[in-house]
Amino acid sequence: MPASPAPAYLDPQSRLIALLEQALRQVAAEVATNLPLQVELERPKQASHGDFACNVAMQLGKAMKRNPRELAQAVIAALPASDLLEKAEIAGPGFINLFLKPAAWQGVAAEVLAQADAYGSGNLGRGAKVQIEFVSANPTGPLHVGHGRGAAFGASLSNVLKMAGYEVQREYYVNDAGRQMDILALSTWLRYLALCGEVVPFPGNAYQGDYVSTMADGIYALHQDRYQRPTAAVMKGVAAAEEDAEAHLDALIANAKSLLGPDYAYIHGYALEEQLGDCRNDLTEFGVTFDTWFSEKTLHESGLIDRAVEQMKKHGHLYQQDGALWFRSTAFGDEKDRVVRRENGSYTYFAADIAYHINKFERGFDRVLDVWGADHHGYIPRVKGALTAAGLDADRLTVALVQFAVLYRNGQKASMSTRSGQYVTLRELRNEVGNDAARFFYVLRKSEQHLDFDLDLAKSQSNDNPVYYIQYAHARICSVLNSWGGLERDLLDADSGLLQEPRELALLKRLAEFPETINTAARELSPHVIAYYLKELAADLHGLYVACQFLVADEALKQARLLLIAATRQVLNSGLALLGVSAPEKM
RNA sequence: GCCCCCGUAGCUCAGUGGAUAGAGCAUCCCCCUCCUAAGGGGAGGGUCACACGUUCGAUUCGUGUCGGGGGCACCA
């Protein structure tokens, strides 16, 4: 059957803007001006200033050299009749304060239920394809709590962008080709050799974590001493670690490669698979998933790096010096030039990253978003410079920086020493505070703000804990709806005109704010906006809960109130889902 | 030295070119005969680090100073 076209629902704010623009055109015609007539509304902090305030008269007053209050009066006089508006008044230096009739808000509850999960979706993105790359930790060991913040931020932001009308692709860049991976392979092999009975010293700057020994155990169990080589050969020509620890490590890696031959790839691959698999499981348990895992190795193997370098060379931005190939990044605002190909002929990480970003652009994304730890901020000018040097529009790349998270326990900073592998892992954090609290606390702060992560608070099952506060609101609604026992869809016909109490109206207004909240979060790349919105929504619900009974004898009023809280449950559910936090029905 | 982030209530943090700057915690007072008190109501608490500038209007923008954190590799 043909779907009858639903009456186009327009939120009160959009309708109001249309009214004001209409009035403004009329006023502008009277004074023969062609000033830009964009109307923006703000929500006043004070209820006595109305539901919305408009400062257009003050802006125009300045440009037209007319008294803002007079202009405001003219705009108000020109406002078309509407069932929306209770009154409009001039205030202060020329604000137009707008007071809406309850009817303007009452419709929102049914709208929420009708749209269900789609409520809040917007068209800010206009279907633009955006790629978001995040986490991208080296697969050389377990993820730590710093990665966790990037993971929670990136995942929540992806959800927000999708809801705001972007086509989102999530990607993890796997650094499977660099020296760090060689060090991991070497570390694993050395532990393995010990299992084979070789007495070989384990360098202090190799990977110390227990997981390395675990991998060695695994390889030994599968292949016994197949990869054993004599200690003397392993140590042959290797200078003492005391002289140059890094050179010591590199010499060991070189020996491992030559002694193992094709078997080196097996050790390397085993370690990579184990660590990447562990990382993937960890993230999946955390509710963080990716569409693509992009291998750095493939950049080398497919010749993409050679091509990228050629591309930059063609544009004349590379030069040879001291046996290395340099990118003149200072021409693009970087503080010094950067090496692209080392004296020994190998490419730097930077070269791979240039190729990677060129590749991202060539894959047809309208916008490319990188989520990096704040310690990488100095890296931005050179990557953008490289893209420009390759003839691409670097403005399509946005880098979102995420600051560090510091754990606190009993009011004390929890130790997070990176040395000797003693850092707190994401998995430990999740086990301690739970996924919900971890996801929520990670995005509770602006990403560019340092995060003090209070473990005791995150764990506490009390009203101090914002996660429980919000989830409790959801559970309370579920409890009421269960007691009622009816079907939610029957509430769509409820008479929302009966919702007149101040707290009911406050909640309705809050529900109406959800779409613009999503827009703001998407525009500002700030999922924390969602977290704050949910706290306020939950507060409105709790306030109403204490103030009035839902399951009242008056059937019509009961239906109306149940409609309101059912809509609230929907928005709580949608909002929590954006943040990757569960919405329990019972607590 | 140069660059980036931050400085808002006792604490942790939101916020904004506008009208009396907010929330939670902590402190004090109050509210369950009732759908979950993991809740609600109220009180106190501020030179929005400081100075100067732009503006009709600055906590917000700009410059400088002072504090806190981070980054400045032929590492990734």
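A note on names: the letters A, B, ... follow the listed sequences, proteins ahead of strands, and every chain is numbered from 1. Because only heavy atoms are used, hydrogens play no part in the values below, and waters and symmetry mates are left out as well, while side chains stay in. Please read all numbers here as calculations on a predicted model, not as lab measurements.
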Margin query: Is the distance between the ring centroids of A:Phe294 and A:Tyr172 under 6.0 Å?
Written below: no

Next item on the list: Say whether, by atom type as modelled, one donor and one acceptor occur between the side chain of A:Asn359 and the main chain of A:Ala355 under 3.5 angstrom.
Entry: no

Notebook entry, point to check: How close or far is atom P of B:U36 from atom CZ of A:Arg569, stated in whole angstroms?
Noted result: 14 Å

Notebook entry, point to check: Looking across every strand, which nucleic acid part, if any, lies under 4.0 Å from A:Ala53 by heavy atom: base, sugar-phosphate, or nothing?
Noted result: base

Next item on the list: Have a look at B:C4 and give me syn or anti from its glycosidic angle (syn if within 90° of zero).
Entry: anti

Notebook entry, point to check: Can you tell me the Watson-Crick or wobble partner of B:C25, both distances under 3.5 angstrom?
Noted result: B:G10

Checklist line | Between B:G40 and B:C34 - C1' atom distance, rounded Å | finding: 14 Å

Just the atom pairs and distances: protein N or O near nucleotides 58-62 of chain B's N or O, under 3.5 Å.
none

Note to self: Ring centres under 6.0 Å, that's the criterion: do A:Phe99 and A:Phe52 meet it?
What the structure shows: no

So which protein N/O to nucleotides 71-74 of chain B N/O distances come out below 3.5 Å?
{"residue": "B:C72", "atom": "O2'", "partner": "A:Glu335", "partner atom": "OE2", "Å": "2.6"}
{"residue": "B:C74", "atom": "O3'", "partner": "A:Arg342", "partner atom": "NE", "Å": "3.2"}
{"residue": "B:C74", "atom": "O2", "partner": "A:Glu343", "partner atom": "N", "Å": "2.9"}
{"residue": "B:C74", "atom": "N4", "partner": "A:Asp322", "partner atom": "O", "Å": "3.3"}

Item checked: Distance in angstrom units between A:Lys535 NZ and B:G24 P, rounded -> 9 Å

Checklist line | Whole-angstrom distance between B:U55 and B:U63, as gauged at atom C1' | finding: 16 Å

Next item on the list: Figure out the CG/P separation between A:Asn205 and B:A76, and round it to whole Å.
Entry: 15 Å

Next item on the list: State, with a plain yes or no, whether a side-chain heavy atom of A:Val383 is found less than 4.5 Å away from one of A:Trp372.
Entry: yes

Checklist line | ring pair (Phe, Tyr, Trp, His ring centres under 6.0 Å) involving A:Phe453 - partner list, sequence neighbours excluded | finding: A:Phe441, A:Tyr442

Item checked: Gap in Å between the two P atoms, one belonging to B:C74 and one to B:C13, rounded -> 36 Å

Next item on the list: From the options A:Arg510, A:Arg561, A:Lys509, select the one residue that forms a salt bridge (Lys or Arg N to Asp or Glu O under 4.0 Å) with A:Glu504.
Entry: A:Arg561

Check: A:Leu41 CG to B:A19 C1': how many Å, rounded?
Finding: 16 Å

Note to self: Assess whether a salt bridge exists between A:Glu432 and A:Arg409, defined as any Lys/Arg side-chain N lying under 4.0 Å from an Asp/Glu carboxylate O.
What the structure shows: yes

Notebook entry, point to check: Would you call A:Arg179-A:Glu246 a salt bridge at under 4.0 Å N-O?
Noted result: yes

Item checked: Whole-Å gap separating P (B:A23) and CD1 (A:Ile530) -> 21 Å

Next item on the list: Can you tell me, in whole Å, how much space there is between the P of B:C48 and that of B:C11?
Entry: 16 Å

Note to self: Do A:Ser156 and A:Arg439 have side chains that approach each other closer than 4.5 Å (heavy atoms only, starting at C-beta)?
What the structure shows: yes

Next item on the list: Begin with the C-alpha distance, continue with both residues' side-chain angles, and end with the deciding distance and a verdict on ring-ring contact (aromatic ring centres under 6.0 Å, His included) for A:His528 and A:Phe153.
Entry: CA-CA 9 Å; A:His528 76 275; A:Phe153 173 80; 9.2 Å; no

Taking only nitrogen or oxygen atoms into account, show me every contact under 3.5 Å that the protein makes with nucleotides 29-35 of chain B, one pair per line with its distance.
{"residue": "B:C34", "atom": "O2'", "partner": "A:Gln549", "partner atom": "NE2", "Å": "3.1"}
{"residue": "B:C35", "atom": "O2'", "partner": "A:Ser483", "partner atom": "OG", "Å": "3.1"}
{"residue": "B:C35", "atom": "O2", "partner": "A:Leu551", "partner atom": "N", "Å": "3.3"}
{"residue": "B:C35", "atom": "N3", "partner": "A:Phe550", "partner atom": "N", "Å": "3.1"}
{"residue": "B:C35", "atom": "N4", "partner": "A:Tyr545", "partner atom": "O", "Å": "3.0"}
{"residue": "B:C35", "atom": "N4", "partner": "A:Cys548", "partner atom": "O", "Å": "2.6"}

Item checked: Worked check of side chain to side chain contact (heavy atoms under 4.5 Å, CB included) between A:Lys360 and A:His357 -> CA-CA 5 Å; A:Lys360 286 187 184 192; A:His357 280 87; 4.0 Å; yes

Note to self: Need one value for A:Ala475: base, sugar-phosphate or nothing, where a base atom within 4.0 Å counts as base even if backbone is also close, heavy atoms only.
What the structure shows: base

Notebook entry, point to check: What's the CG-P distance between A:Asp456 and B:A26, to the nearest Å?
Noted result: 14 Å

Next item on the list: Could you measure between the two P atoms, the one in B:C25 and the one in B:G71, and give it in whole Å?
Entry: 35 Å

Margin query: Walk along nucleotides 5-13 of chain B from 5' to 3' and tag each nucleotide B, S or - by protein heavy-atom contact under 4.0 Å, base first, then sugar-phosphate.
Written below: SS-----SS

Check: Who pairs with A:Asp337 by salt bridge (Lys or Arg N to Asp or Glu O under 4.0 Å), at least two apart in sequence or on another chain?
Finding: none

Checklist line | Counter-base of B:C48, judged by Watson-Crick or G-U geometry with both distances under 3.5 Å | finding: none

Check: So what does A:His49 hit on the nucleic acid, given a heavy-atom distance under 4.0 Å: a base, only sugar-phosphate, or nothing?
Finding: base

Notebook entry, point to check: Looking at A:Phe350, does the NZ or CZ of A:Arg338 lie under 6.0 angstrom from its six-membered ring centre and within 45 degrees of the ring axis?
Noted result: no

Item checked: Contact summary for A:Pro139 and A:Met181, nearest pair of heavy atoms -> O-SD, 3.7 Å

Check: Given that A:Asn55 and A:Gln180 both sit by RNA chain B, which one's nearest nucleotide is further toward the 5' end?
Finding: A:Asn55

Note to self: Is there a side-chain contact between A:Thr517 and A:Tyr532 in this structure, where contact means two heavy atoms from C-beta onward sitting under 4.5 Å apart?
What the structure shows: no

Next item on the list: Map A:Phe95 and A:Tyr469 onto RNA chain B by nearest heavy atom, then report which one ends up closer to the 5' terminus.
Entry: A:Phe95

Notebook entry, point to check: Does B:U60 pair with anything, Watson-Crick or G-U wobble, both distances under 3.5 Å, and if so, with which nucleotide?
Noted result: none

Next item on the list: Using the P atom as the reference point in each nucleotide, state the distance between B:C52 and B:U59 in Å, no decimals.
Entry: 12 Å

Notebook entry, point to check: In the strands shown, is B:U36 matched to any nucleotide by a Watson-Crick or G-U wobble pair with both distances under 3.5 Å, and which?
Noted result: none

Item checked: Whole-angstrom distance between B:G62 and B:G69, as gauged at atom C1' -> 24 Å

Next item on the list: Would you mind pulling out the nucleotide paired to B:U20, Watson-Crick or G-U wobble, both distances under 3.5 Å?
Entry: none

Next item on the list: Measure the distance from NZ on A:Lys384 to P on B:C3 and round it to the nearest whole Å.
Entry: 19 Å

Note to self: Could you walk me through whether A:Arg445 and A:Gln403 satisfy the side chain to side chain contact (heavy atoms under 4.5 Å, CB included) test, starting with their C-alpha distance in whole Å, then the side-chain angles of each, then the deciding distance to 0.1 Å, before giving a yes or no?
What the structure shows: CA-CA 10 Å; A:Arg445 300 281 170 258; A:Gln403 290 284 350; over 6 Å; no

Item checked: Touch class at under 4.0 angstrom, heavy-atom based, for A:Arg561 against every strand present -> nothing

Notebook entry, point to check: Distance between the C1' atoms of B:G1 and B:C56, in whole angstroms?
Noted result: 42 Å

Margin query: Is the phosphate of B:G41 approached by A:His542 (side-chain N or O, under 4.0 Å from OP1 or OP2)?
Written below: no

Notebook entry, point to check: Looking at side-chain heavy atoms only, is the closest gap between A:Glu343 and A:Asp322 below 4.5 Å?
Noted result: no

Notebook entry, point to check: Could you give the CD-to-C1' distance, from A:Glu42 to B:G15, as a whole number of Å?
Noted result: 12 Å

Next item on the list: Mind checking A:Asn97 for me? I need base, sugar-phosphate or nothing, with any heavy atom below 4.0 Å counting as a touch.
Entry: base

